[in-house]
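First comes the structure, then the notes that go with it.
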Amino acid sequence: MDGNGRWARQQGEQRVFGHHHGVRAVRETTEGCAELGVGYLTLYAFSTENWNRPKEEVDALMELLVQTISKEIKTLMDNNISLKAIGDLESLPRKCHDELNQAITTTSSNTGMELILALSYSSRWEITKAVKEIAQSVKEGKISPDEINEQVISNHLCTKDFPDPELMIRTSGEMRISNFLLWQLAYTELYITPVLWPDFGREELYKAILDFQKRERRFGMTSEQVTLK
Ligand code: IPE
Ligand code: MG
């Protein structure tokens, strides 16, 4: 979800104004995905590197997070969505952490889409943590180095309970991944739109999905192999 700051500047407003307007896009995208039967939607809401932003902006984002989670529980319940979170959640302010855990518990028996918030998340942080855990298991003799395979690594990532994404949408036209799910995106289709996040909504979501549906996903194989079933 990128472009909130630029969107606000275009309106002659402070960056935080853009973040507030980004909430509408979050709601519309979440509802839109749930309606379409999407199984998992991951929103990259706050990166490890975002902690380096000016304190006022970080504080405003954390406050917005608390408010939005509590306000949107009804949206989650109405749409049968269960909330999950990935990232260094311990580093979030206490209030945020509590609000988040409460929403996760409240929505845990919903059986529809899983909405995964990436908070204080970065892929390098996640991979470093996984390597440490695996190294510890080797040291304790629970696993031998020969037994380390892709599955073992995946099982140590925050996303162990979720499938790899099929489609990644990035708004605001930046042509980069910015430390997001580097391992999991190996064969994900990328869709980058110049639309700034506060202007994103159902219509833009449908455009992205229609584009995705035209792609041929070969996973390293040939076109003949994937079309001959
Ligand atoms: C994305 O918008 C929102 C968050 C990172 C929380 P930005 O804040 O990155 O907006 P730009 O990139 O400055 O326009
Ligand atoms: Mg940005």
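Atoms considered below: every heavy atom in the structure, side chains included; atoms not considered: hydrogens, waters and symmetry mates.
When side chains are defined from C-beta on, Thr75 does not count as touching Thr30, because their heavy atoms never get closer than 4.5 Å. Within the 4.5 Å cutoff, the side chain of Lys84 has heavy atoms near those of the Phe162 side chain. For the pair Pro54/Arg15, no side-chain contact is recorded, criterion being any heavy-atom separation below 4.5 Å from C-beta on.
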For Ser123 and Trp183, what are the C-alpha separation, side-chain angles and deciding distance, and is it a side chain to side chain donor-acceptor pair (under 3.5 Å)?
CA-CA 8 Å; Ser123 206; Trp183 172 275; over 6 Å; no
With side-chain contact (heavy atoms from CB on, under 4.5 Å) as the test, would you mind laying out the steps for Arg170 and Arg176 before giving the verdict?
CA-CA 9 Å; Arg170 177 164 188 155; Arg176 54 176 174 263; 3.6 Å; yes
Starting from the C-alpha separation in whole Å, work towards a yes-or-no answer on side-chain contact (heavy atoms from CB on, under 4.5 Å) for Glu63 and Lys95.
CA-CA 9 Å; Glu63 186 53 42; Lys95 214 166 129 198; 3.8 Å; yes
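The local environment of CZ in Arg24 is crowded, with over 12 non-hydrogen atoms from other residues, nucleotides or ligands closer than 6.0 Å. Atom CD of Glu203 sits in a sparse spot, with 12 or fewer heavy atoms from other residues, nucleotides or ligands closer than 6.0 Å. Within 6.0 Å of the CD atom in Glu140, the count of heavy atoms belonging to other residues, nucleotides or ligands exceeds 12. More than 12 heavy atoms of other residues, nucleotides or ligands shown are found within 6.0 angstrom of CD on Glu189.
In this structure, Tyr44 contributes its side chain and Ser178 its backbone to a donor-acceptor pair below 3.5 Å. Between the side chain of Glu28 and the backbone N or O of Arg202, at least one donor-acceptor pair lies under 3.5 Å. A donor-acceptor contact shorter than 3.5 Å links the side chain of Thr107 to the backbone of Leu83. Using a distance-only test at 3.5 Å, with no hydrogens or angles considered, a donor-acceptor pair links the side chain of Thr48 to the main chain of Ser122. A donor-acceptor contact shorter than 3.5 Å is absent between the side chain of Arg124 and the backbone of Asn179. The backbone N or O of Leu190 lies less than 3.5 Å from a partner atom in the side chain of Arg215, making a donor-acceptor pair.
Ile81 and Ile209 end up in the same hydrophobic cluster when Ile, Leu, Val, Met, Phe, Trp and Tyr side chains are linked at under 4.5 Å.
Side-chain contact check for Asp164 and Thr188: no donor-acceptor pair (N or O, by modelled atom type) lies under 3.5 Å. Ser172 and Trp197 are not linked by any side-chain donor-acceptor pair at a separation below 3.5 angstrom, with hydrogens and angles left out of the test. When only modelled atom types and interatomic distance are considered, Gln151 and Asn155 share a side-chain donor-acceptor pair under 3.5 Å. A donor and an acceptor atom, one from each side chain of Ser120 and Trp51, are located under 3.5 Å apart. Side-chain polar atoms of Asn50 and Ser47 form a donor-acceptor pair below 3.5 angstrom.
Using bins of under 30°, 30° to 60° and over 60° for the plane-to-plane angle, the ring pair His21/Phe17 lands in the tilted bin.
Residue Ala208 comes nearest to Ile169 through the heavy atom pair CB-CD1, 3.6 Å, listed as atom of the first residue, atom of the second, then distance. Nearest heavy atom pair, residue Asp59 against residue Lys55, reads OD2-NZ, 2.6 Å. Closest non-hydrogen pair, Leu89 versus Leu119, comes out as CD2-O, 3.9 Å. When all heavy atoms of Leu76 and Asn110 are compared, the closest pair comes out as O-ND2, 3.6 Å. Taking each heavy atom of Ser223 and Glu216 in turn, the nearest pair found is OG-OE2, 2.8 Å. Closest of all the heavy-atom pairs between Ser70 and Glu99 is CB-OE2, 3.2 Å.
Checking Glu49, Glu56, Glu57 one by one against Arg53, the side chain to side chain donor-acceptor pair (under 3.5 Å) holds for a single residue, Glu57. For the side chain to side chain contact (heavy atoms under 4.5 Å, CB included) with Tyr121, the lone residue among Thr159, Thr42, Leu181, Asp88 that qualifies is Leu181.
Between the CD atom of Gln14 and the NE2 atom of His19 there is a distance of 11.0 Å, given to the nearest 0.5 Å.
The existence of a salt bridge linking Asp211 and Lys207 is excluded, since no basic side-chain nitrogen approaches an acidic carboxylate oxygen closer than 4.0 Å.
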